[in-house]
Amino acid sequence: MAAKSLYICQSCGSEQRKWQGQCPDCHEWNCISEQAVEITGFRNQKQTSIGNALSPEPITEINSKDTPRRVTHIEELDRVLGGGLVRGSAVLIGGDPGIGKSTLLLQASAKLAEHHGTVLYITGEESARQVHLRGERIDALHEDLQLTTSCDLEAMLSTIAKFKPHTVIIDSIQTTVTSQLSSAPGTVSQVRDCAAALIASAKQLGHALILVGHVTKDGSIAGPRVLEHMVDAVLYFEGDRGHNHRVLRAVKNRFGPAGEIGVFEMSDKGLTGIRDASRLFLAERAVDVPGSVVVACMEGTRPILVEIQALVAPTVYATPKRSTVGVDATRVAMLTAVLERRVGIPLGTQDIYVNVVGGVKLSEPASDLGVVLAILSAFQEKPLPSDLVVFGEVGLTGEIRAVGAPEARAKEAANLGFSQLLLPQGNFTRVQEANIAAILRPSKEGKDWQSMPAKHLSSAVQLAF
Ligand code: TYD
Ligand code: MG
C-alpha cells in the first residue's frame with residue numbers, strides 16, 4: 001500500500017503533481033494543499049479483463065410509475081423536493097452557518113419518524129443534548145427519531161446497516177471522516193470519499209440520504225464540485241440575517257423541477273412554511289409613493305409578487321452612481337440606456353438606486369418592465385396606481401417581449417387583490433383565455449379586472465401612468 005503525497009485543489013478537487021499558487025483547472029488562488037494520501041482499494045486496481053455483459057431493457061418497458069416518495073409533511077420542503085423524498089436518493093442541503101439547516105432537518109426528521117417510522121439523525125457538529133434541547137423547544141421529538149453523534153464514516157455505515165432507517169441525515173458531510181484516508185476532515189478527498197460511500201449505501205439499502213454541506217465564502221458548497229454531481233438533488237438555503245424569512249431553493253433536482261423554492265419564516269418555534277409568499281414580501285408596501293412598482297416573477301413553478309423600488313437623484317459626481325440590490329447592475333444600466341434613448345428620459349446626470357424589497361434576488365428578465373417603470377416613476381415623482389402589477393422583458397429597441405407562465409403571474413396578481421395588469425402584447429391572448437376576471441375577488445373600490453397589453457416601452461409608459 002503506497003503512501004504518496006498529492007497536491008489537491010480544495011476548490012475543485014483536481015490533483016496536481018506539484019504545489020502551485022493557482023489551480024490550473026479552476027483558476028482559484030491559494031487553494032492547493034499537500035495531502036498524504038494512502039491509496040487503497042479500487043483506485044489502483046486497473047481493470048484489464050472484460051466484465052460480464054449488462055442487460056439493457058427497452059426504455060418503454062421500464063416501470064417508473066411507482067417511484068416511492070415519502071412526504072415529509074413540511075409542505076414547503078416537499079414542494080422543493082418535487083413531492084417528497086425518493087427512496088435511495090441523496091439530497092445535499094447547503095447554506096450559510098446559522099441559516100437553519102439543522103433546524104429544518106430536525107423538524108423534518110420528527111415528522112418523517114411520526115409518519116413513516118425510524119429515521120437516523122447523525123450529527124458531527126452538536127452534542128446529543130444540544131439537539132435534544134432544540135428539539136424540545138421546536139416540538140420536534142419523536143421516539144422513532146434515532147439520534148447519535150459521530151464523525152466516523154465506518155461507524156455510520158454499520159449503524160445504518162443495523163437500524164435500517166428509511167431516512168438518514170448526516171449533519172454535516174464536512175465533519176465526516178473515513179479512516180481509509182489520513183487527510184484532515186473537510187478536505188476534498190475526505191468529503192468526496194465519505195459522500196460516495198454514504199450514497200452507495202443509500203442506493204444499495206434503499207433509504208433516502210440527506211447530507212448537510214457547508215458553504216464557502218463565495219456561497220458554493222465547500223469541497224469538490226463532484227459532490228454536486230454525485231447527489232440527486234442540491235438545495236440551497238438562502239436569506240440574510242436581517243430578515244426572518246428563509247428561501248430553500250432546488251438548484252438541481254433529478255426528481256422534480258429545478259428552480260423550485262420553499263419559503264420559511266424563522267421564529268422561536270423553528271421554521272414555519274409560508275404558503276403565501278407574495279403577501280410576506282408585500283406586507284410593508286407603501287402605496288401611492290413614487291418609485292415603487294409591484295412585479296410578478298416566477299420562482300420555479302411558483303409565481304411571487306415583489307416590490308421593486310427606485311430612487312433617482314441629481315448626481316454630485318462626474319460619473320453618476322448606479323447602485324442595485326437584488327437585481328443585476330448590468331441589466332439596470334442597460335435598461336436605463338433604453339429608457340434614455342427610446343423614451344427620451346434624460347438620466348445622464350442622475351444617480352440611480354434600485355432595490356428589491358425583502359432581500360429577494362430577481363434573475364428573470366421578466367422583471368425588466370418593473371425596473372424601468374420604477375426608475376421612471378422615481379424620476380418623474382409620479383406614483384404608479386397602487387393596484388397595478390407588471391411583468392415583461394424589455395429589449396434594446398424598447399420592445400416588450402413575452403415571458404413564460406403569464407397565466408400563473410396574472411392569477412397570483414388577481415388572488416392578491418390587484419386589478420390592473422400591464423403585460424407584453426405577446427402574452428395577452430394566453431392571459432385573456434385564462435379568464436382571470438372570474439377569479440378576481442371584488443376589490444374595495446369595486447374595480448374590474450383590466451389587462452393592458454403593450455408592444456413597446458413608450459405605450460407601456462402611457463398605459464401605466
Ligand atoms: P441552525 O439550524 O443551527 O443553523 P445551521 O445548521 O444552518 O448552521 O440554526 C441556528 C439559528 O437559528 C440560530 O442563529 C438560532 C436560530 N433559531 C431560531 O431563531 N429559532 C429556533 O427555534 C431555532 C431552533 C433556531
Ligand atoms: Mg447546523
Side-chain angles (χ1 to χ4, degrees), residues 13 40-74 77-94 108-109 112 115-120 153-154 156-170 173 176 178 180 191-211 213 221 223-236 248-260 262 300-302 404-405:
T40 56
F42 60 91
R43 287 226 178 153
N44 53 4
Q45 279 175 12
K46 290 236 168 62
Q47 200 177 0
T48 45
S49 59
I50 296 175
N52 295 333
L54 307 170
S55 42
E57 286 176 71
I59 191 165
T60 46
E61 305 287 301
I62 294 170
N63 179 13
S64 63
K65 285 241 166 48
D66 39 28
T67 308
R69 286 180 189 268
R70 284 198 183 86
V71 286
T72 63
H73 294 271
I74 295 182
L77 178 61
D78 285 331
R79 186 220 314 277
V80 177
L81 289 169
L85 280 168
V86 177
R87 282 192 53 170
S89 71
V91 178
L92 179 65
I93 296 193
S109 313
L112 281 163
H115 291 95
H116 309 283
T118 314
V119 174
L120 180 62
L153 175 76
E154 285 73 24
M156 288 180 190
L157 292 174
S158 40
T159 317
I160 295 170
K162 184 173 159 200
F163 282 85
K164 299 200 174 41
H166 61 76
T167 303
V168 176
I169 290 152
I170 309 288
I173 188 67
T176 307
T178 165
Q180 299 284 314
V191 169
R192 183 172 52 196
D193 286 21
C194 291
L198 288 163
I199 293 167
S201 96
K203 300 262 180 267
Q204 194 196 343
L205 302 173
H207 56 263
L209 174 72
I210 304 180
L211 302 173
I221 291 177
R225 285 321 282 262
V226 287
L227 204 53
E228 297 193 4
H229 298 296
M230 280 153 67
V231 295
D232 299 300
V234 181
L235 315 181
Y236 271 100
L248 185 67
R249 187 186 300 273
V251 292
K252 162 183 172 176
N253 195 350
R254 287 185 184 148
F255 302 113
E260 199 60 80
T301 58
R302 187 176 185 190

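On a predicted model such as this, the values are computed, not experimentally measured, just so you know.
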J.: List the atom of Val86, the atom of Ala208, and the distance in Å for their closest heavy-atom pair.
T.: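 That closest heavy-atom pairing would be O-CB, 3.7 Å.
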J.: Measuring from Leu227:CG to Arg192:CZ, what's the distance to the nearest 0.5 Å?
T.: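 Going from the CG atom of Leu227 to the CZ atom of Arg192 covers 10.0 Å.
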J.: List for me each residue that meets side chain to side chain contact (heavy atoms under 4.5 Å, CB included) alongside Leu205, sequence neighbours excluded, and say none if there are none.
T.: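 Result, side chain to side chain contact (heavy atoms under 4.5 Å, CB included) vs Leu205: Ile160, His207.
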J.: To the nearest 0.5 Å, tell me how far Ile74 CD1 sits from Arg79 CZ.
T.: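 Rounded to the nearest 0.5 Å, the CD1-CZ separation comes to 13.5 Å.
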J.: Could you give the distance from CG (Asp193) to CG (Leu153), rounded to the nearest 0.5 Å?
T.: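 The CG atom of Leu153 is 9.0 Å from CG of Asp193, to the nearest 0.5 Å.
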J.: Measuring from Leu120:CG to Lys162:NZ, what's the distance to the nearest 0.5 Å?
T.: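 Rounded to the nearest 0.5 Å, the CG-NZ separation comes out at 11.0 Å.
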J.: By the definition side-chain contact (heavy atoms from CB on, under 4.5 Å), identify the one residue from Val119, Leu92, Ile170, Leu85 that meets it with Ile210.
T.: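 Going through the options one by one, the only one that passes is Leu85.
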J.: Taking all atoms of both residues into account, what is the closest heavy-atom pair of Ala233 and Asn253, and its distance?
T.: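 For Ala233 versus Asn253, the nearest heavy atoms are CB-OD1, 3.7 Å.
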J.: For the side chain of Arg69 and the backbone of Asp78, is there at least one donor-acceptor N/O pair under 3.5 Å apart?
T.: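 No: the side chain of Arg69 does not pair with the backbone of Asp78.
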J.: Does Leu235 reach the side chain of Leu81, with side-chain heavy atoms less than 4.5 Å apart?
T.: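 Yes - at least one pair of side-chain heavy atoms lies under 4.5 Å apart.
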J.: Can you confirm whether Lys164 sits close enough to Thr118 that some side-chain heavy atom of one is under 4.5 Å from a side-chain heavy atom of the other?
T.: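 Answer no - side chains too far apart.
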J.: Tell me the closest heavy-atom pair linking Pro257 and Ala250, and the distance in Å.
T.: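 So the minimum-distance heavy-atom pair works out to O-CB, 4.3 Å.
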J.: What are the two closest heavy atoms between Val231 and Ala90, and how far apart are they?
T.: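 That would be CB-O, 3.6 Å.
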J.: Kindly write out the residues that satisfy salt bridge (Lys or Arg N to Asp or Glu O under 4.0 Å) with Lys203, not counting sequence neighbours, or none if the list is empty.
T.: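 Salt bridge (Lys or Arg N to Asp or Glu O under 4.0 Å) list for Lys203, sorted by chain: Asp232.
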J.: Rounded at 0.5 Å granularity, tell me how far CZ in Arg87 sits from NE2 in His166.
T.: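 Reported value, rounded in 0.5 Å steps: 11.0 Å.
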J.: Decide yes or no for Ile173 and Leu198: does some side-chain heavy atom of the first lie under 4.5 Å from some side-chain heavy atom of the second?
T.: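 Of all side-chain heavy-atom pairs linking Leu198 with Ile173, at least one is under 4.5 Å.
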J.: Can you give me the closest heavy-atom contact between Ala197 and Leu157, atom names plus distance?
T.: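 Closest pair (atom of Ala197, atom of Leu157, distance): O-CD2, 4.0 Å.
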J.: What are the two closest non-hydrogen atoms of Lys252 and His229, and how far apart are they?
T.: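 Looking at all heavy atoms of both residues, the shortest contact is NZ-O, 3.4 Å.
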J.: Measure the spacing between OG of Ser201 and CE of Met156 and express it to the nearest 0.5 Å.
T.: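 Rounded to the nearest 0.5 Å, the OG-CE separation comes to 11.0 Å.
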J.: Look only at the side chain of His115 and the backbone of Val71, and say whether a donor-acceptor pair between them is shorter than 3.5 Å.
T.: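 No; zero donor-acceptor contacts below 3.5 Å.
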J.: How far apart are the C-alpha atoms of Arg249 and Val80, what are their side-chain angles, what is the distance that settles it, and do they pass the side-chain contact (heavy atoms from CB on, under 4.5 Å) test?
T.: CA-CA 7 Å; Arg249 187 186 300 273; Val80 177; over 6 Å; no
